[in-house]
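Written below as structure tokens is the structure these notes are about.
The basis for the numbers below is simple: all heavy atoms, side chains too, and nothing from hydrogens, waters or symmetry mates.
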Amino acid sequence: MKFFIDTANLDQIKEAQALGILDGVTTNPSLMAKEGITGAENILQHYRDICEAVDGDVSAEVIATDYEGMIKQGEELAALNPQIVVKLPMIAAGVKACKYFSDKGIKTNVTLVFSAGQALLAAKAGATYVSPFLGRLDDISTDGLNLISEIRTIYDNYAFETQILAASVRHTMHVIDCAKLGSDVMTGPLSSITGLLRHPLTDSGLAQFLADYAKGN
Ligand code: G3P
């Protein structure tokens, strides 16, 4: 299972990268705005900086909602670095643009996916990644994990190569449940990754080991 961090915060990206378990980064316009990154040139430079900070795939989202605009922006983003994955919204123009980029060998991530049917379309369009937003489904009392499970079944039925990128992951249990369901990737905040480290028995066990060692030295 690949671990992506879902942020545009460079410090957090570097912290996750330093752990040695990071496989990539996802961003979106809201996450960019949260870091105060505005204006086309600054946004492009920020993507360059993120690519420099990590080894893996970096999803960069188009803002255009028409096909021609998506192609123009997607090509500009893809030209920044081979690590860039062009992130496209799940609308008709996004599906069409996904097919265009996958035919050209450019990696894609179809985002804002909330149903199995949408995920099927993304796979048909050759998406590298599909991003079902599980936390946002949970937010409206709909079982987000069930969507991951449905997509897993459908993709396995037809051996689709599109990777399921569980997005809108909010906490450690989402990560563990996605792993149980066979999600290929998860993307979440730094806390959803570092939270996996914690167990009180690890802490008390280590304290005991160190105390016992100190007695004999
Ligand atoms: O990767 C999608 C993600 O950024 C959405 O997360 O927490 O805003 O629903 P959230």
Side-chain angles (χ1 to χ4, degrees), residues 1-2 4 6 8 23-32 40 43-44 46-48 50-51 54-137 144 146-169 178 181-187:
M1 187 193 201
K2 291 185 198 168
F4 288 178
D6 194 30
D23 300 295
V25 178
T26 52
T27 62
N28 62 39
S30 303
L31 293 171
M32 282 287 190
I43 289 172
L44 292 179
H46 202 65
Y47 283 133
R48 285 191 199 96
I50 294 174
C51 288
V54 297
D55 299 323
D57 286 349
V58 175
S59 286
E61 189 157 345
V62 300
I63 305 301
T65 53
D66 63 300
Y67 174 72
E68 287 75 18
M70 285 182 183
I71 300 304
K72 187 168 173 290
Q73 288 179 6
E75 284 184 333
E76 193 175 13
L77 290 167
L80 290 176
N81 190 297
Q83 288 166 259
I84 292 286
V85 177
V86 178
K87 200 170 179 187
L88 301 154
M90 171 38 78
I91 55 177
V95 171
K96 198 173 157 192
C98 179
K99 178 79 174 91
Y100 171 88
F101 286 119
S102 47
D103 284 350
K104 285 190 79 174
I106 291 173
K107 290 176 283 187
T108 52
N109 176 359
V110 176
T111 189
L112 290 166
V113 166
F114 293 95
S115 77
Q118 291 178 326
L120 184 53
L121 280 176
K124 291 281 295 171
T128 314
Y129 299 103
V130 65
S131 287
F133 276 31
L134 78 102
R136 290 193 191 184
L137 282 170
N146 185 53
L147 176 59
I148 306 290
S149 171
E150 284 184 327
I151 300 172
R152 181 74 283 152
T153 301
I154 291 168
Y155 283 11
D156 287 351
N157 281 348
Y158 299 97
F160 282 123
E161 287 177 8
T162 299
Q163 296 176 56
I164 302 173
L165 195 174
S168 186
V169 158
C178 284
L181 293 171
S183 187
D184 300 289
V185 192
M186 81 83 200
T187 191

Partners passing side chain to side chain donor-acceptor pair (under 3.5 Å) against Asn157 (at least two apart in sequence or in another chain): none
Nearest atoms (heavy-atom pairs only) where Met1 meets Cys178: CE-CB, 3.7 Å
Test log, rule side chain to side chain contact (heavy atoms under 4.5 Å, CB included), inputs Asn109 and Leu165: CA-CA 9 Å; Asn109 176 359; Leu165 195 174; 3.6 Å; yes
Residues which pass ring-ring contact (aromatic ring centres under 6.0 Å, His included) with Tyr155, listed by chain and number, not counting sequence neighbours: Phe160
Non-neighbouring partners of Lys107 that pass salt bridge (Lys or Arg N to Asp or Glu O under 4.0 Å), sequence neighbours left out: Asp57
Residue list, ring-ring contact (aromatic ring centres under 6.0 Å, His included) with Tyr47, at least two apart or on another chain: none
Salt bridge (Lys or Arg N to Asp or Glu O under 4.0 Å) partners of Lys72, counting only residues at least two apart: none
Closest non-hydrogen atom pair, Phe101 against Thr108: CB-CG2, 3.5 Å
Interatomic distance, Thr153 atom OG1 to Ile148 atom CD1 [nearest 0.5 angstrom]: 11.5 Å
Rounded distance (nearest 0.5 Å) linking atom CD1 of Ile164 with atom CD1 of Ile154: 9.0 Å
Backbone of Ala8 reached by a side-chain donor or acceptor of His46 within 3.5 Å: yes
Verdict with supporting geometry, Val113 and Ser131, side chain to side chain contact (heavy atoms under 4.5 Å, CB included): CA-CA 6 Å; Val113 166; Ser131 287; 5.6 Å; no
Side chains of residues 117-125: which donor-acceptor partners sit under 3.5 Å, not counting sequence neighbours?
residue : atom : partner : partner atom : Å
Gln118  : OE1  : Phe114  : N            : 2.6
Gln118  : OE1  : Ser115  : N            : 3.2

Results of salt bridge (Lys or Arg N to Asp or Glu O under 4.0 Å) for Asp184 - residues two or more places apart only: Arg152
What donor-acceptor contacts under 3.5 angstrom involve side-chain atoms of residues 75-90, with partners at least two apart or in another chain?
residue : atom : partner : partner atom : Å
Glu75   : OE2  : Tyr100  : OH           : 2.5
Glu75   : OE2  : Lys104  : NZ           : 2.9
Asn81   : OD1  : Gln83   : N            : 2.8
Gln83   : NE2  : Cys51   : O            : 3.3
Gln83   : NE2  : Val54   : O            : 2.9
Gln83   : NE2  : Asp55   : O            : 3.4
Gln83   : NE2  : Gly56   : O            : 2.8
Lys87   : NZ   : Thr27   : O            : 2.8

Test side chain to side chain donor-acceptor pair (under 3.5 Å) applied to Thr187 - qualifying residues, sequence neighbours left out: Thr26
By side-chain contact (heavy atoms from CB on, under 4.5 Å) - contacts of Ser168 (at least two apart): Phe133, Arg136, Arg170
Gln163 side chain near Val130 side chain, heavy-atom distance below 4.5 Å: no
Nearest heavy atoms of Ile91 and Met70, plus distance in Å: CD1-CE, 3.8 Å
Side chain to side chain donor-acceptor pair (under 3.5 Å) involving Glu150 - partner list, sequence neighbours excluded: none
Considering all heavy atoms, the nearest Gly126-Thr162 contact: C-OG1, 4.4 Å
Verdict with reasoning, Leu147 to Leu134, per side chain to side chain contact (heavy atoms under 4.5 Å, CB included): CA-CA 8 Å; Leu147 176 59; Leu134 78 102; over 6 Å; no
Distance, nearest 0.5 Å, that separates CG of Leu31 from CD of Glu61: 9.0 Å
Worked check of side chain to side chain contact (heavy atoms under 4.5 Å, CB included) between Val110 and Tyr129: CA-CA 6 Å; Val110 176; Tyr129 299 103; over 6 Å; no
